[in-house]
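Here's the structure, in structure tokens; my notes come after.
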Amino acid sequence: MNELGEFLRSRRARIGPGDVGLPAGSGRRQTPGLRREELAAVAGVSVDYYVRLEQGRDSNPSAAVLDALAGALRLDEDEREHLRRLAGGRRGGVGRPAPVTARAGLRQLLETVRPAPAFVLTPGSDILAENPEGLALLDGLSEWPRGRRNIVRYIFRHPNARRVVVSWQRMAQDCVAHLRTVPPAQTEDLVAELGAVDADFRELWAHYDVRVKSGTQRSFSHPAVGRLDLNSEVLTVDDGQRLVVFQAAPGSPSADALALLSLAVPSAAAGTT
């Protein structure tokens with residue numbers, strides 16, 4: 001599969017001539033967005049060369065060409081980095097595999113941040129460890145065996161997810177956009193599984209948003225303690241493991257709800273459930 005071409009086509013379809021200072025031109029457009037020759041003109045490359053890039057007949061553009069294409073396509077920093085990875089051949093999963101066990105220091109932090117719900121995740125959002133509040137926050141997650149626990153899988157496949165996550169659509173979009181930043185060798189099984197069973201996932205995957213997950217506000221509706229308005233923070237370490245912590249504003253109703261949630265869960269060592 002020519003993923004570089006797929007990405008370029010997806011971004012070319014999102015901008016029109018007016019977005020890059022070109023006249024709309026005459027004649028009916030067969031496809032949305034910029035034509036290939038228009039993008040090539042804005043980026044300052046030949047049409048033939050750009051066509052070769054989209055068709056996968058040239059997969060090693062220079063840094064200058066990548067910068068020109070990124071500027072013409074109005075890419076943000078996450079998208080620019082994704083373009084560089086694709087052009088550099090770093091999407092095949094060659095190199096460091098996904099971690100399979102949580103780092104000891106991150107496991108300790110899971111306990112330290114309690115009662116804030118927290119998880120240690122792989123780049124592809126497999127859950128390597130969690131504290132008791134984290135397991136309780138995603139209602140029903142504890143029903144799944146350790147090897148099946150993955151945040152993206154929970155969002156799309158667990159029957160409780162659309163009730164638990166208040167802004168489900170936004171979280172689903174963020175999860176899929178983040179998956180696009182992970183080497184396919186670490187995510188291809190999950191992508192195939194979700195694509196086979198969930199139309200929402202297929203639509204979001206085809207939309208090809210690219211966005212590294214970072215801290216944001218998330219709201220949850222928990223059956224035992226009610227609504228929780230939390231802020232997530234994400235710490236990523238060298239091997240790709242991510243510590244994700246959900247915090248409530250001090251003195252807020254959500255802080256009180258987290259305290260109640262913590263009272264309802266066991267005090268077992270973090271990540272052993």
Side-chain angles (χ1 to χ4, degrees), residues 1-3 5-15 31-33 73 75-76 78-79 82-83 85-86 91 93 98 117 119 121-128 130 134-223 227-232 234 242 244 246:
M1 180 180 63
N2 174 24
E3 195 169 356
E6 181 187 359
F7 181 63
L8 290 171
R9 285 189 295 273
S10 75
R11 288 307 176 275
R12 181 165 59 83
R14 297 187 184 191
I15 57 177
T31 57
L73 291 167
L75 302 187
D76 63 24
D78 284 343
E79 292 168 331
H82 186 69
L83 178 64
R85 283 197 298 268
L86 294 179
R91 288 282 290 174
F119 303 86
L121 308 177
T122 66
S125 296
D126 289 330
I127 301 173
L128 299 178
E130 73 286 309
L135 192 64
L137 178 67
L138 300 183
D139 184 46
L141 179 64
S142 61
E143 302 164 1
W144 285 357
R146 167 64 61 195
R148 185 166 173 75
R149 294 177 188 174
N150 175 288
I151 296 293
V152 187
R153 180 181 285 115
Y154 178 86
I155 291 299
F156 286 97
R157 298 212 62 182
H158 200 286
N160 294 353
R162 293 176 192 248
R163 171 182 55 77
V164 169
V165 181
V166 173
S167 297
W168 182 90
Q169 183 68 25
R170 183 166 72 89
M171 189 161 182
Q173 291 169 346
D174 290 344
C175 284
V176 176
H178 180 84
L179 274 188
R180 281 289 191 180
T181 71
V182 183
Q186 297 184 24
T187 62
E188 57 190 358
D189 290 344
L190 178 64
V191 170
E193 172 194 334
L194 298 181
V197 298
D198 193 278
D200 289 317
F201 179 85
R202 290 194 296 272
E203 180 179 351
L204 290 171
W205 188 255
H207 196 61
Y208 211 140
D209 283 336
V210 177
R211 187 167 55 254
V212 175
K213 260 193 172 183
S214 57
T216 190
Q217 194 273 336
R218 301 285 188 199
S219 295
F220 302 87
S221 178
H222 194 275
R227 184 177 175 110
L228 293 151
D229 296 316
L230 307 175
N231 292 309
S232 67
V234 182
R242 294 178 290 145
V244 181
F246 292 93

L141/I127 under side-chain contact (heavy atoms from CB on, under 4.5 Å): CA gap, chis, key distance, verdict:
CA-CA 11 Å; L141 179 64; I127 301 173; 3.7 Å; yes

Grab the two heavy atoms, one from S232 and one from S214, that are nearest each other, plus how far apart they are.
OG-O, 4.1 Å

Determine whether more than 12 heavy atoms belonging to other residues, nucleotides or ligands lie under 6.0 Å from atom CD of E203.
no

May I have the step-by-step check of side-chain contact (heavy atoms from CB on, under 4.5 Å) for L86 and H82, ending in yes or no?
CA-CA 6 Å; L86 294 179; H82 186 69; 3.6 Å; yes

For a 4.5 angstrom cut-off between non-hydrogen side-chain atoms, does V182 reach H178?
yes

Side-chain ion pair, D209 and R14, N-O less than 4.0 Å:
yes

Going from CD1 on I151 to NE2 on H158, what distance comes out if it is rounded to the nearest 0.5 angstrom?
12.0 Å

So, for F246 and R218, which heavy atoms are closest and what is the spacing to 0.1 Å?
CE2-CG, 3.9 Å

Heavy-atom closest contact (L135 atom, R149 atom, distance):
CD1-NH1, 3.7 Å

Flag the pair T187 / V152 as yes when at least one side-chain heavy-atom distance between them is below 4.5 Å, and no otherwise.
no

R85 bridged to E3 by N-O distance under 4.0 Å
no

side-chain contact (heavy atoms from CB on, under 4.5 Å), that's the test. Do F119 and L138 meet it? Break it down for me.
CA-CA 11 Å; F119 303 86; L138 300 183; 3.9 Å; yes

Using the side chain to side chain contact (heavy atoms under 4.5 Å, CB included) definition, which of the options L121, V244, T216 pairs with V234?
V244

What's the separation between atom NZ in K213 and atom SG in C175, rounded to the nearest 0.5 Å?
3.5 Å

Check this for me, if you would: do R211 and D174 make a salt bridge, where the nitrogen-to-carboxylate-oxygen distance has to be below 4.0 angstrom?
yes

Using 0.5 Å steps for rounding, measure from the CZ atom of F220 to the CG atom of D139.
12.0 Å

Let me confirm one number: the CZ-OG distance from R153 to S125, rounded to the nearest 0.5 Å.
11.0 Å

Side-chain donor-acceptor contact under 3.5 Å, R163 with S221:
no

Taking all atoms of both residues into account, what is the closest heavy-atom pair of R242 and P123, and its distance?
NH2-O, 3.4 Å

Would you compute the distance between atom CZ of R157 and atom CD of E193 and round it to the nearest 0.5 angstrom?
5.0 Å

Note: R148-E143 ion pair, threshold 4.0 Å (strictly below)
no

Taking the side chain as C-beta and beyond, is there a heavy-atom pair between F201 and I155 under 4.5 Å?
no

Before you tell me yes or no, could you show the steps for L190 and L179 under side-chain contact (heavy atoms from CB on, under 4.5 Å), namely the whole-Å CA-CA distance, both residues' side-chain angles and the distance that decides it to 0.1 Å?
CA-CA 10 Å; L190 178 64; L179 274 188; 4.3 Å; yes

Testing the basics here: between P117 and L137, what is the closest heavy-atom pair and its distance to 0.1 Å?
CB-CD2, 3.9 Å

Taking atom CD of Q186 and atom OG1 of T122, what is their separation to the nearest 0.5 Å?
7.0 Å

Aromatic rings W168 and F156: how do their planes relate, parallel, tilted or perpendicular, breaks at 30° and 60°?
perpendicular

Using 30° and 60° as the class limits, which term best fits the ring planes of F7 and Y208: parallel, tilted or perpendicular?
tilted

Would you check if T181 and D78 make a side-chain contact, meaning some heavy-atom pair closer than 4.5 Å?
no

Looking at every heavy atom in both N150 and G124, which two are closest together, and how far apart are they?
ND2-O, 3.0 Å

Flag the pair R180 / H207 as yes when at least one side-chain heavy-atom distance between them is below 4.5 Å, and no otherwise.
no

Y154 side chain reached by V164 side chain, heavy atoms, under 4.5 Å:
yes

